[in-house]
Every structure is written in structure tokens, then in C-alpha cells.
Amino acid sequence: MDETKPLPPWADQIPEGSFISNAPTYKVGEYFNLFKSGNACGMKYYFYDPTEHGYPAGKKYPLLTFLHGRSNALEGDICINYTGAEFYATEKYQSMLGGAYILIPIANEKRNKKGYIKGTWDKPYTKPLYTLINSFVDDYTAPRGGVNKKFVFGNSAGARMTYILGTKYPSFFDALIPIGGGEIPSDKTLDDFDRYNVHLFLANAKRDELNDYNKLIVPRLPRLNKMKHCFIFTPEWVYNGDKGIASIYVGIEMGQHCLVNPMHCNLTFDDGTPMEKTLPDGILGWLKTVLDE
């Protein structure tokens with residue numbers, strides 16, 4: 001643990017023998033060169049094309065769209081990593097999925113004179129985001145073979161936007177993976193997910209510092225458990241690859257909120273052991289089961 005940083009508010013609750021880890025163990029930016037960028041629908045976006053990296057054109061691949069968290073658009077290329085998308089461009093992840101397109105839309109965030117972030121993901125982005133994703137499918141991927149299934153990952157504010165997109169266009173998406181969100185859709189929307197066979201992977205830490213698990217998630221668990229396709233991942237503790245309990249202090253503590261970091265690492269520790277026993281092949285294994293249906 002970095003002794004120069006404040007103790008997290010939950011430091012006195014960690015299990016005996018555990019330790020606090022102040023940063024992910026992976027290198028950021030190692031694979032940024034695999035991504036290209038473009039602009040559409042008033043937004044910048046990054047993308048990865050498997051047919052430019054050894055996968056044959058003329059066949060369909062899944063599309064993985066990643067939506068970043070609040071303020072991440074201000075970080076430049078680092079946003080690729082912060083969405084949890086960077087490692088999905090690696091040969092290891094691509095080979096596990098049999099190739100996949102990656103799309104990373106960027107919100108038009110700005111910091112005002114008082115320091116507040118404006119322009120993060122919210123309902124006004126619903127149609128532009130859908131149009132951007134749809135045009136990427138129709139205009140970019142179709143000439144190369146097209147897309148089979150469409151997945152949307154969303155981190156924090158991106159998780160909320162993932163739900164908003166799924167609520168408006170349930171027949172368009174095959175799977176939603178909201179990470180560290182706080183607003184679970186209405187029963188009607190969950191009914192629509194079932195009607196259109198949408199798969200939901202709910203990822204929320206029980207000690208999330210920003211979104212209260214007991215208030216926002218627990219009351220909705222009985223309804224979520226009734227869904228046709230819902231995997232509920234609510235870990236007691238969020239860990240880094242070194243098996244330390246994750247702490248991130250950026251003026252406020254949010255290590256347990258940033259569940260996207262271990263999700264980015266396929267819920268696997270650096271020594272290769274899984275973080276979740278029911279997911280021996282991590283989130284990639286879950287994605288593969290949806291692709292294989």
C-alpha cells in the first residue's frame with residue numbers, strides 16, 4: 001500500500017491477511033496503436049478492425065461497443081484504456097472471441113470554469129449514439145463481412161448510458177454489460193430484454209463508494225433473478241491483479257467503484273487464477289457463451 005495516500009473508508013473492514021493495492025498491475029497504452037479514430041454524429045470515436053489484424057474479411061464478427069465513465073473523455077487516448085476496451089484488441093482476447101470489432105464513442109465532455117464536468121453521457125446522446133453504432137455496422141463493417149452480435153459495455157456513467165440505449169433499442173442489442181452503474185431499468189424494460197432475448201451481465205461491487213449497493217441494487221435483485229438471461233456479478237471486494245483489494249484515490253476514494261479494471265483483465269489475477277469461481281474463463285467466457293447460442 002502507498003502510505004502517502006489516505007486510507008480508504010473501508011480499510012478497517014478488509015479480511016485478515018488482505019492488503020490494499022493502490023493501482024492496477026497492467027501497463028496502460030501498450031496497445032493504443034491497434035486502434036484508429038474517426039468522427040461521426042458529432043462525436044469522436046476509436047475503433048479496432050479484426051480484418052486488419054489477421055482475421056479474414058467476408059465473415060461476420062461481434063461488435064463490442066465500450067462507453068467510458070464521467071470525465072474520461074478529457075483524458076485523450078487514455079480513455080481507450082479507461083473504458084476497459086484496450087486489451088480486447090490483444091491477440092489473446094481476440095483469439096478467445098474468434099475476432100471482434102471494437103467501437104469506443106467519446107462524449108463531448110468539457111470542464112467549466114468552476115471545474116464541473118458537462119456533457120457526459122445522458123439521454124440526449126441516445127439517438128446520436130445509436131446512429132453512430134448503427135452506421136458503423138452498416139457503413140464500415142458490412143463491406144468487410146458485417147456483424148453478428150452486438151455487445152455494449154458501459155463503465156460508471158457509461159453503465160447508465162448502456163441501460164438508456166437498451167431501454168430505447170432493446171431489439172438492436174444482443175447483450176448489455178453495465179459496470180459500476182446505479183440505475184437499473186424498470187420492470188417493463190426488463191420484460192423487453194426478455195422479449196428480445198437480450199443478455200444482461202450486471203457488474204456492481206458491494207462496497208462501491210459512489211453507488212450504494214444496498215439501496216440501488218439489492219431491491220432489484222429479485223426481479224433481475226427472474227430474467228431469462230441475467231448474470232449477476234456483485235463481488236464482496238474488487239481486486240487488482242496482484243490480489244490486493246483495489247484502492248484509487250483521486251480526491252475521493254473510488255477503488256471499489258472501478259470494477260472496470262478487473263473486468264478489463266478478464267476477471268483473472270496475474271497468476272492466472274480466476275477472481276470469480278463461477279466464471280473460470282472470466283467475462284470472455286461469458287461473452288463466448290452468448291456468441292455460441
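Keep in mind that this is a model prediction, so the values were computed, not measured.
We find the CD1-OG distance between I20 and S247 to be 6.0 Å, quoted to the nearest 0.5 Å. Atom SG of C79 and atom CD1 of I104 lie 7.5 Å apart (nearest 0.5 Å). Atom-to-atom distance recorded for N72:CG and S156:OG is 8.0 Å, nearest 0.5 angstrom. Rounding to the nearest 0.5 angstrom, the gap separating the CG atom in D77 from the OG atom in S37 is 8.0 Å. Atom CG of residue L132 and atom CG of residue D139 lie 10.5 Å apart, to the nearest 0.5 angstrom. The structure places CG of N148 at 8.0 Å from CG of D174, a figure rounded to the nearest 0.5 Å.
No side-chain heavy atom of L67 sits less than 4.5 Å from a side-chain heavy atom of T83. Here the side chains of K127 and T131 are in contact, with some heavy-atom distance below 4.5 Å. For the pair E86/E30, a side-chain contact is recorded, criterion being any heavy-atom separation below 4.5 Å from C-beta on. Between L216 and E183, the closest side-chain pair of non-hydrogen atoms is not below 4.5 Å. For the pair L103 and L64, the minimum side-chain heavy-atom distance is 4.5 Å or more. A heavy-atom distance below 4.5 Å is found between the side chains of L63 and I133. Residues M43 and I106 fail the side-chain proximity criterion, which asks for heavy atoms closer than 4.5 Å. Residues Q94 and I102 form a side-chain contact, since some pair of their non-hydrogen atoms from C-beta on lies under 4.5 Å apart.
Here F201 and F231 bring their ring centres to under 6.0 angstrom of each other. Between F66 and Y88, the ring centre distance stays below 6.0 Å. Residues F136 and F47 place their aromatic rings such that the two centres sit under 6.0 Å apart. When ring centroids are compared, Y48 and H53 come within the 6.0 Å threshold.
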Stepwise side chain to side chain donor-acceptor pair (under 3.5 Å) test for D242 and T25: CA-CA 7 Å; D242 57 6; T25 55; over 6 Å; no

Worked check of side-chain contact (heavy atoms from CB on, under 4.5 Å) between Y213 and K206: CA-CA 5 Å; Y213 170 79; K206 290 181 178 176; 3.7 Å; yes

side-chain contact (heavy atoms from CB on, under 4.5 Å) assessment of N211 paired with H257: CA-CA 8 Å; N211 292 316; H257 175 65; 3.7 Å; yes

Pair D292-K149, salt bridge (charged side-chain N to carboxylate O under 4.0 Å, His left out): steps then yes or no: CA-CA 10 Å; D292 289 344; K149 293 190 176 180; over 6 Å; no

Audit row: K168, D192, salt bridge (charged side-chain N to carboxylate O under 4.0 Å, His left out) steps and yes/no: CA-CA 10 Å; K168 180 67 174 178; D192 287 340; over 6 Å; no

Check against side chain to side chain donor-acceptor pair (under 3.5 Å), S71 and E109: CA-CA 7 Å; S71 82; E109 294 183 328; 5.4 Å; no

Working for side-chain contact (heavy atoms from CB on, under 4.5 Å), residues L259 and D208: CA-CA 9 Å; L259 182 55; D208 187 319; over 6 Å; no

side-chain contact (heavy atoms from CB on, under 4.5 Å) between E276 and I283, intermediate numbers included: CA-CA 10 Å; E276 170 57 44; I283 180 64; over 6 Å; no

Criterion side chain to side chain donor-acceptor pair (under 3.5 Å) on Y31 and N81, from CA distance to verdict: CA-CA 9 Å; Y31 305 103; N81 181 274; over 6 Å; no

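Cluster membership for V147 and L97, using ILVMFWY side-chain heavy atoms within less than 4.5 angstrom, is not shared. Hydrophobic clustering, with ILVMFWY side chains joined whenever heavy atoms are under 4.5 angstrom apart, keeps L284 apart from L176. Tracing side-chain contacts under 4.5 Å through hydrophobic residues (I, L, V, M, F, W, Y), one reaches L224 starting from F193; they form part of the same cluster. Hydrophobic cluster membership differs between Y163 and F151, with clusters built from Ile, Leu, Val, Met, Phe, Trp and Tyr side chains linked at under 4.5 angstrom. Connection of F153 to V260 is established within a shared hydrophobic cluster, with ILVMFWY side chains joined at heavy-atom distances below 4.5 Å, either directly or through further cluster members.
Contact detail for G180 and A159: the closest heavy-atom pair is C-CB, 4.4 Å. The shortest heavy-atom contact between N240 and A23 is ND2-O, 3.1 Å. When all heavy atoms of R220 and S186 are compared, the closest pair comes out as NH2-C, 3.5 Å. The two residues P170 and V198 have their closest heavy-atom pair at O-CG2, 3.2 Å. Smallest separation of non-hydrogen atoms from N204 and P235: O-CD, 3.6 Å. Contact between R70 and A157 at its shortest, heavy atoms only, is N-CB, 3.7 Å.
W10 and E253 share no side-chain donor-acceptor pair at under 3.5 Å. Using a 3.5 Å distance cut-off with no hydrogens or angles, the side chains of H199 and E293 do pair a donor with an acceptor. Using modelled atom types and a 3.5 Å distance limit, the side chains of N261 and Y26 yield a donor-acceptor pair.
Using a 4.0 Å cut-off between charged side-chain N and carboxylate O, R207 and E236 make a salt bridge. Electrostatic pairing of K243 and D270 does not count as a salt bridge here, judged by no charged N lying under 4.0 Å from a carboxylate O. Between D191 and K188 there is no salt bridge, since no side-chain N of the basic residue sits under 4.0 Å from a carboxylate O of the acidic one. Salt bridge absent: K226 and D194 never bring a charged side-chain N and a carboxylate O closer than 4.0 Å. A salt bridge is absent between K36 and D49: the closest approach of a Lys/Arg side-chain nitrogen to an acidic carboxylate oxygen does not fall below 4.0 angstrom.
Here the side chain of D122 pairs no donor or acceptor atom with the backbone of P124 at under 3.5 angstrom. T268 places a side-chain N or O within 3.5 Å of a backbone atom of N266 that can act as its donor or acceptor partner. Using a distance-only test at 3.5 Å, with no hydrogens or angles considered, no donor-acceptor pair links the side chain of Q256 to the main chain of A205.
At least one cation-pi condition fails for R160 and W121: the charged atom is not both under 6.0 angstrom from the six-membered ring centre and inside a 45 degree cone around its axis.
Considering N134, V152, L165 as possible partners of F172, the one that fulfils the side-chain contact (heavy atoms from CB on, under 4.5 Å) test is N134.
Ring geometry for H264 versus F87: interplanar angle under 30°, hence parallel rather than tilted (30 to 60°). Ring-plane geometry between Y61 and Y101 is classed as perpendicular, the angle between the planes exceeding 60 degrees on a 0 to 90 degree scale with a lower cut at 30.
Within a 6.0 Å radius of NZ in K288, other residues, nucleotides and ligands contribute 12 heavy atoms or fewer. Heavy atoms from other residues, nucleotides or ligands lying under 6.0 Å from NZ of K123 number 12 at most.
Using a 4.5 Å cut-off between side-chain heavy atoms of Ile, Leu, Val, Met, Phe, Trp and Tyr, I117 falls into a hydrophobic cluster with L74.
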